[in-house]
Engineer: 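One structure is given below, represented as structure tokens, and several questions about it will come after.
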2 protein chains.
Amino acid sequence: MYDKMLRERELKVTPQRIFILEEIRKMGHAGIEDLHDKVKEVYSSVSLATIYKNIHILVEENILREVPVHGRKSVYEINIGDHVHMCCTKCGEITDIMNIDTRPMILEAERQSGQPYERIAVMLQGVCSKCRNN
Amino acid sequence: MYDKMLRERELKVTPQRIFILEEIRKMGHAGIEDLHDKVKEVYSSVSLATIYKNIHILVEENILREVPVHGRKSVYEINIGDHVHMCCTKCGEITDIMNIDTRPMILEAERQSGQPYERIAVMLQGVCSKCRNN
DNA sequence: AAAATTGTTGATATTTTTTATCAATATCTA
DNA sequence: TAGATATTGATAAAAAATATCAACAATTTT
């Protein structure tokens, strides 16, 4: 699955790398430290540097995307294109909101400024339904 | 000007603090290190810790806002409420886009998820007109 | 206006986070 | 399967952020 993506970019298909990608997909959004912990469960000797190096190269190659978060460290997700994020101001959980079309906002910005935009990152902040009901 | 905002929150009005706020307003968006350099020009002995402490408390008190940026450290701006940011992928400059209404997107998200959102942060990425013409 | 109170500053130490280095090893190519 | 090349893991180094605390400044109280 990720094999092909890596090969296309001439990145070597190592078990650690595959595991990192699969873990991020499972987790949805993962921080460096979370990831390191998860990977260690299987590759107990994995170095933190390996996590950093992989995250960097995978973001550079557009396989992952960085999601910067207010007040804490970035998390990373599989690059599935632009979409809206929500961050709970109480528990901090980050979730995707997939059904909001961001193109109208991009088009409006392009119309106003006369310059094209390649990407848009939207982060909504509020209390999630789980926290709201507790 | 910032005196009142600080007093209302029972923060002491120190020259360093005022200068930091005025400098951020002038610069539009400032990173910690930029700020430290600017403040040092006038208060040559200002400690980096003072910059950090002020940024933190001023963000907490909603006088400043953090603007997280992909691939680098956050910058900070005077809190003028939600608005769209643009970051040039070539020169890195961050600018405000003031005339895009973010409420429709918030309303749509609220309609879909049935939960309220207090804030929205939008970051557009593209090559700015200055870079485009060079 | 001086004294008391309280918060802030600056200096520095410490911690945390990230990057660099490099030999050993694993992946891939031919 | 051998050779070329990239990746890993260990660790050192650098960079970024936070904690500590005495001296000081802003504000409040008297």
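Residue numbers begin at 1 in each chain, while the letters A, B, ... track the order of the sequences.
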Engineer: Between B:Thr14 and B:Tyr52, who's closer to the 5' end of DNA chain D by nearest nucleotide?
Structural biologist: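 Between the two, 5'-proximity favours B:Tyr52.
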Engineer: Does a side-chain N or O of B:His56 approach OP1 or OP2 of D:dA17 to a distance below 4.0 Å, or not?
Structural biologist: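 No, B:His56 has no side-chain N/O under 4.0 Å of OP1/OP2 on D:dA17.
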Engineer: Whether the side chain of A:Lys53 and the base of D:dG9 hold a donor-acceptor pair under 3.5 Å is what I'd like checked.
Structural biologist: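 By the distance-only test, yes, there is a pair.
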Engineer: Under 4.0 Å, counting only non-hydrogen atoms across every strand here, what does B:Gln16 touch: a base, just sugar-phosphate, or nothing?
Structural biologist: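 Here B:Gln16 touches the backbone only, sparing every base.
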Engineer: Where is the tightest heavy-atom contact between B:Met86 and A:Tyr117, given as atom of each residue plus distance?
Structural biologist: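 Smallest heavy-atom distance, with atoms named: SD-CE2, 3.4 Å.
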Engineer: Tell me: CG of A:Asn54 to C1' of D:dT7, nearest whole Å?
Structural biologist: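 So the two atoms are 8 Å apart, to the nearest Å.
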Engineer: Give the rounded distance in Å between these two atoms: CG of A:Leu6 and P of C:dT27.
Structural biologist: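 Atom CG in A:Leu6 sits about 13 Å away from atom P in C:dT27.
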Engineer: Name the residue closer to the 5' end of DNA chain C, choosing between B:Leu48 and A:Glu33 according to the nucleotide with the nearest heavy atom.
Structural biologist: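 Its nucleotide being nearer the 5' end, the pick is B:Leu48.
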Engineer: Where do B:Glu66 and A:His70 land on the side-chain hydrogen bond (donor to acceptor under 3.5 Å, both in side chains) test, with the steps shown first?
Structural biologist: CA-CA 7 Å; B:Glu66 180 189 0; A:His70 292 76; 5.7 Å; no
Engineer: Reckon B:Arg7 has a side-chain N or O less than 4.0 Å from the OP1 or OP2 of D:dA26?
Structural biologist: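 Checking D:dA26 against B:Arg7, no side-chain N or O comes under 4.0 Å of OP1 or OP2.
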Engineer: Between B:Ile57 (CD1) and C:dT6 (P), how many Å, whole number?
Structural biologist: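 Spelled out: CD1 on B:Ile57 to P on C:dT6 is 16 Å.
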Engineer: Inspect the contact between B:Glu108 and B:Arg111 and indicate whether a charged nitrogen and a carboxylate oxygen are less than 4.0 angstrom apart.
Structural biologist: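 A salt bridge is present here (some side-chain N lies under 4.0 Å from a carboxylate O).
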Engineer: Whole Å only: how far is the CG atom of B:Leu35 from the P atom of D:dA17?
Structural biologist: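 Rounded to whole Å, this separation is 13 Å.
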Engineer: Of all the choices, C:dT8, D:dT5, C:dA20, which nucleotide is nearest to the side chain of B:Lys12 once you look at every atom?
Structural biologist: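 Per side-chain heavy atoms of B:Lys12, the pick is C:dT8.
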Engineer: For B:Glu10 and C:dT8, give me the distance from atom CD to atom C1', rounded to whole Å.
Structural biologist: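 Atom CD in B:Glu10 sits about 15 Å away from atom C1' in C:dT8.
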Engineer: When the distance from CD1 of B:Ile18 to C1' of C:dT8 is rounded to whole Å, what number comes out?
Structural biologist: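 Taking CD1 of B:Ile18 and C1' of C:dT8, I get 13 Å after rounding.
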Engineer: May I ask you to evaluate whether A:Thr50 reaches the phosphate of D:dG9, defined as a side-chain N or O under 4.0 Å from OP1 or OP2?
Structural biologist: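 Result: yes.
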Engineer: Across the strands shown, which category fits B:Leu11 at heavy-atom distances under 4.0 angstrom: base, sugar-phosphate, nothing?
Structural biologist: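 Sugar-phosphate contact only.
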Engineer: To the nearest angstrom, how far is A:Arg17 atom CZ from D:dG9 atom P?
Structural biologist: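 That distance rounds to 11 Å.
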Engineer: State whether the distance check finds a donor on one side and an acceptor on the other, under 3.5 Å, for side chain A:Lys73 versus base C:dT17.
Structural biologist: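 Absent.
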Engineer: Have a look at B:His36 and say if it touches a base, only the backbone sugar-phosphate, or nothing, with a 4.0 Å heavy-atom cut-off.
Structural biologist: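 No contact at all - B:His36 keeps every heavy atom at 4.0 Å or more from the nucleic acid.
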Engineer: Pick one: which of A:Ile100, A:Asp101, A:Thr102, A:Ile106 meets side-chain contact (heavy atoms from CB on, under 4.5 Å) with A:Pro104?
Structural biologist: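 Result for side-chain contact (heavy atoms from CB on, under 4.5 Å) with A:Pro104: A:Asp101.
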Engineer: Using atom CD1 of B:Ile55 as one end and atom P of D:dA16 as the other, report the distance to the nearest whole Å.
Structural biologist: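 Checked: the CD1 to P distance equals 15 Å.
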Engineer: Could you walk me through whether A:Arg65 and A:Asp82 satisfy the salt bridge (Lys or Arg N to Asp or Glu O under 4.0 Å) test, starting with their C-alpha distance in whole Å, then the side-chain angles of each, then the deciding distance to 0.1 Å, before giving a yes or no?
Structural biologist: CA-CA 10 Å; A:Arg65 275 213 194 166; A:Asp82 290 340; 2.7 Å; yes
